[in-house]
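Take a look at the structure below.
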Amino acid sequence: MKNVIIVSTSIRNGSNSEILAHEFEKGAIEAGNTVDFLTLKGKRLEFCRGCLACQKTGRCVIRDDMDDMIERFRKADVICFATPVYYYEMSGQLKTLLDRLNPLFGTEHRFKEIYLIATCYDENRAALDRAINGLGGWIECFDGVSLKGVIYGNGLNNPNQAKASESILKETYIIGKNI
């Protein structure tokens with residue numbers, strides 16, 4: 001049994017990436033894992049100021065909703081990030097979140113496995129490459145952590161469209177179940 005945190009970074013209602021994140025969640029729960037589903041919708045998350053105070057204190061100087069999230073990440077064995085892809089890159093919300101996870105850098109954490117769910121309008125899988133590479137840069141900062149899987153939600157643009165894509169739903173569920 002693993003502790004899994006799934007993070008939906010879209011703030012759009014009917015978000016395709018969040019629909020897929022819930023499928024991943026269903027699979028992970030069915031496999032007996034403990035799952036913490038986190039959405040950034042409605043959260044107050046400021047930009048990192050680059051002060052690096054967190055490197056000394058283990059805590060960010062900014063008092064916002066990140067305070068409550070950081071320990072949830074530290075205790076997770078598996079992290080699954082779900083993002084819409086805009087202009088061939090991860091959402092600004094995901095990038096802000098990754099920057100704000102800086103207090104974890106150089107400290108004890110349990111996570112070793114990272115998954116990415118990315119959705120976009122473009123049908124070409126290569127449209128997600130920059131988002132994958134961007135997340136890869138964050139992953140490289142943590143020893144022993146690797147990207148274990150990517151769910152390609154290509155061809156999804158309209159809200160709730162993922163609900164009609166049985167193949168992507170099934171693939172996402174199976175990956176979640178096999179973590």
Side-chain angles (χ1 to χ4, degrees), residues 3-29 33 35-48 60 62 64-70 72-73 76 78-102 104 111 113-139 147-177 179:
N3 290 321
V4 180
I5 187 167
I6 302 168
V7 188
S8 173
T9 65
S10 178
I11 55 175
R12 177 169 85 166
N13 289 330
S15 160
N16 291 304
S17 59
E18 186 162 306
I19 290 166
L20 296 180
H22 281 299
E23 284 301 306
F24 188 95
E25 176 188 33
K26 284 182 201 173
I29 289 171
N33 298 293
V35 177
D36 182 3
F37 193 96
L38 172 65
T39 180
L40 296 187
K41 202 179 302 178
K43 297 277 191 266
R44 191 173 67 83
L45 192 61
E46 294 183 28
F47 297 116
C48 176
C60 185
I62 302 170
D64 61 7
D65 291 329
M66 194 67 197
D67 281 345
D68 296 330
M69 291 187 262
I70 202 79
R72 292 161 75 176
F73 283 96
V78 176
I79 301 173
C80 177
F81 296 106
T83 185
V85 170
Y86 305 123
Y87 299 105
Y88 300 99
E89 186 52 272
M90 69 178 75
S91 68
Q93 297 88 293
L94 177 53
K95 177 60 173 128
T96 298
L97 176 68
L98 295 176
D99 290 346
R100 290 296 305 284
L101 289 172
N102 200 37
L104 297 175
F111 59 87
E113 301 175 24
I114 307 295
Y115 290 84
L116 176 64
I117 298 169
T119 59
C120 70
Y121 175 73
D122 197 316
E123 303 241 354
N124 185 343
R125 287 179 79 136
L128 302 176
D129 287 351
R130 290 184 185 114
I132 295 165
N133 289 335
L135 179 59
W138 180 82
I139 291 169
L147 182 62
K148 291 295 199 181
V150 176
I151 291 122
Y152 291 84
N154 292 87
L156 301 174
N157 187 48
N158 299 318
N160 296 306
Q161 190 175 353
K163 289 180 179 178
S165 181
E166 290 182 34
S167 62
I168 296 172
L169 289 168
K170 183 177 179 181
E171 175 189 1
T172 305
Y173 169 82
I174 290 170
I175 292 172
K177 190 171 180 178
I179 58 170

* Just how far is it from atom CG of Leu97 to atom CG of Leu38, taken to the nearest 0.5 Å? -> 7.5 Å

* Asked: Is it true that a side-chain atom of Thr9 and a backbone atom of Ala82 form a donor plus acceptor pair closer than 3.5 Å?
  -> yes

* Structure fact -> Residues passing the side-chain contact (heavy atoms from CB on, under 4.5 Å) test with Ile29, sequence neighbours excluded, are Glu25, Val35

* Contacts of type side chain to side chain donor-acceptor pair (under 3.5 Å), residue Arg125, not counting sequence neighbours -> none

* Asked: Considering residues at least two apart in sequence or located in another chain, which fulfil the side chain to side chain donor-acceptor pair (under 3.5 Å) criterion with Glu113?
  -> Lys2

* **Non-hydrogen atoms of Arg12 and Asn16 that approach each other most closely** => NH2-ND2, 3.5 Å

* Asked: What distance do Leu101 atom CG and Phe73 atom CZ have between them, rounded to the nearest 0.5 Å?
  -> 5.0 Å

* Would you list the pairs meeting side chain to side chain donor-acceptor pair (under 3.5 Å) in which at least one residue belongs to residues 130-139, sequence neighbours left out? => none

* Asked: Quick one: CD1 on Ile132 to CD on Glu89, what's the gap to the nearest 0.5 Å?
  -> 10.5 Å

* To do: Would you give the length of the straight line joining atom CD1 of Ile79 to atom CG of Leu104, rounded to the nearest 0.5 angstrom?
  => 7.5 Å

* To do: Could you list the residues that satisfy salt bridge (Lys or Arg N to Asp or Glu O under 4.0 Å) with Asp99, not counting sequence neighbours?
  => Lys95

* **Qualifying residues under side chain to side chain donor-acceptor pair (under 3.5 Å), relative to Ser17, sequence neighbours excluded** => Ser15

* What heavy-atom pair brings Leu128 and Cys120 nearest, and what distance separates the two atoms? -> CD2-SG, 3.6 Å

* List for me each residue that meets salt bridge (Lys or Arg N to Asp or Glu O under 4.0 Å) alongside Asp64, sequence neighbours excluded, and say none if there are none. => Arg100

* To do: Answer whether the closest heavy-atom distance between the side chains of Val78 and Ile5 falls below 4.5 Å.
  => no

* Residue pairs passing the ring pair (Phe, Tyr, Trp, His ring centres under 6.0 Å) test where at least one lies in residues 7-29, sequence neighbours excluded -> His22-Phe37, Phe24-Tyr115

* Asked: What closest approach, in Å, do Ala21 and Ile6 show between heavy atoms, and which atom pair accounts for it?
  -> CB-CG2, 3.8 Å

Under 3.5 Å, side-chain donor or acceptor atoms of residues 39-46 against the rest of the protein: list the pairs with distances, not counting sequence neighbours.
residue : atom : partner : partner atom : Å
Thr39   : OG1  : Glu18   : OE1          : 3.4
Thr39   : OG1  : Lys41   : N            : 3.2
Arg44   : NH1  : Glu46   : OE2          : 2.6
Arg44   : NH2  : Arg63   : O            : 2.5
Glu46   : OE1  : Arg49   : NH2          : 3.1

* **Partner residues of Asp36 under the salt bridge (Lys or Arg N to Asp or Glu O under 4.0 Å) criterion, sequence neighbours left out** => Arg72

* With sequence neighbours excluded, residues passing side-chain contact (heavy atoms from CB on, under 4.5 Å) with Leu169 -> Ile19, Leu20, Glu23

* For the student: nearest non-hydrogen atoms of Phe47 and Ile62, plus distance -> O-CD1, 3.2 Å

* Distance (rounded to the nearest 0.5 Å) between Cys48 SG and Asn102 CG -> 6.0 Å

* Structure fact -> All heavy atoms of Ile117 vs all of Cys80, minimum pair found to be CD1-SG, 3.6 Å

With a cut-off of 3.5 Å and sequence neighbours excluded, list every side-chain donor-acceptor pair involving residues 148-162.
residue : atom : partner : partner atom : Å
Asn154  : ND2  : Asp122  : O            : 3.0
Asn154  : ND2  : Asn124  : O            : 2.9
Gln161  : OE1  : Asn157  : N            : 2.8
Gln161  : OE1  : Asn158  : N            : 2.9
Gln161  : NE2  : Gly155  : O            : 3.2

